[in-house]
Amino acid sequence: MKVGHIFKDFFAAALLLVAVVYPLTAVSNELEPPQQVIQGISDQLYEVLKRDRDRVMNEPGYVNRLANDILIPHVDFTRVSKLVLGKHWRRATPEQQKSFSYQFQRLLVRTYATAFREFDEWEVKHMPIKAKAGAKSLSVRTMVHRPGAQPVEVVYRMRNGEDGWKAYDVKIEGISLVTNYRSSFAKEMRKGGMDRLITRIAELNDSRVKKVASVGTPQS
């Protein structure tokens, strides 16, 4: 399997995950706290893309910072890392766990940043949350509407921790991001173990950094 193929499924999922840039129809104070997290990301991204569209299209470094500053703080990377690696996480050394989480976060930042350039007109509507009062983990169901296309169901799995509500999985029409990654990573693990997987992700990340550098990033 080529390195790029490992992450193919996630790119499509990421595009829909960050498609919440279009203003939601619901008023924020009518939403539950975890829905308000999604709303807040939506508002920030929408304003930035509206104001800095040229920079988004032409400055890769700027787009990476947007992904890192706006989206990443609302993702529970420790939990995501544990879920995508499953038993392999428990068997990994603390150093391997740390290295994997770091490289995985770099990967997601750059994947989100790439998806930013694909934005069009979207509308996201929230569905009622079905969870018991005080639940620490729940699903935030949304429907993504695009002109001339069928609505797409996007469900965020979120958990309330010390830092508030954070996402740890997203399902696009029932297909889980975590499940897709777990399958791809497991295949890579069988070829060479944890160290090989970390190295492969790092190589992909570094190749993207070099590509951005070769294009050049205008000074802000």
Do [X] and [Y] touch side chain to side chain, with heavy atoms closer than 4.5 Å?
X: Leu204; Y: Arg106; value: no
X: Leu83; Y: Tyr181; value: no
X: Arg196; Y: Met189; value: no
X: Lys187; Y: Lys191; value: no
X: His126; Y: Ile38; value: yes
X: Leu85; Y: Phe104; value: no

[atom1] of [X] to [atom2] of [Y]: how many Å apart, nearest 0.5 Å?
X: Gln105; Y: Ile201; atom1: CD; atom2: CD1; result: 12.5 Å
X: Gln35; Y: Met158; atom1: CD; atom2: CE; result: 9.5 Å
X: Trp89; Y: Ser81; atom1: CH2; atom2: OG; result: 5.0 Å
X: Gln150; Y: Glu173; atom1: CD; atom2: CD; result: 9.5 Å

All side-chain contact (heavy atoms from CB on, under 4.5 Å) counterparts of [X], not counting sequence neighbours:
X: Ser99; value: Ile198
X: Arg90; value: Lys87
X: Ile175; value: Asn180
X: Ala202; value: Gln103

Answer yes if [X] and [Y] sit in the same cluster of Ile, Leu, Val, Met, Phe, Trp and Tyr residues linked by side chain heavy atoms under 4.5 Å apart, and no otherwise.
X: Val170; Y: Val155; result: no
X: Met127; Y: Ile172; result: no
X: Ile70; Y: Ile72; result: yes
X: Tyr102; Y: Val75; result: no

Pairing residues for Arg141 by the salt bridge (charged side-chain N to carboxylate O under 4.0 Å, His left out) criterion, not counting sequence neighbours: Glu153
Could you pull out the closest heavy-atom pair between [X] and [Y], with the gap in Å?
X: Ala92; Y: Met194; value: CB-CE, 4.0 Å
X: Asp195; Y: Gln96; value: OD1-NE2, 3.0 Å
X: Met143; Y: Pro151; value: CE-CB, 3.6 Å

Donor-acceptor contact below 3.5 Å, side chain Ser101 vs main chain Thr78: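 Not at all, since once roles are kept as given, no pair shorter than 3.5 Å links the two residues.
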Qualifying side-chain hydrogen bond (donor to acceptor under 3.5 Å, both in side chains) pairs with a residue from residues 160-169, counting only residues at least two apart or across chains: Ser137-Tyr168, Arg157-Tyr168, Asp169-Ser176
Contact list for residues 66-76, test side-chain hydrogen bond (donor to acceptor under 3.5 Å, both in side chains), sequence neighbours left out: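 Matches after skipping sequence neighbours: none remain.
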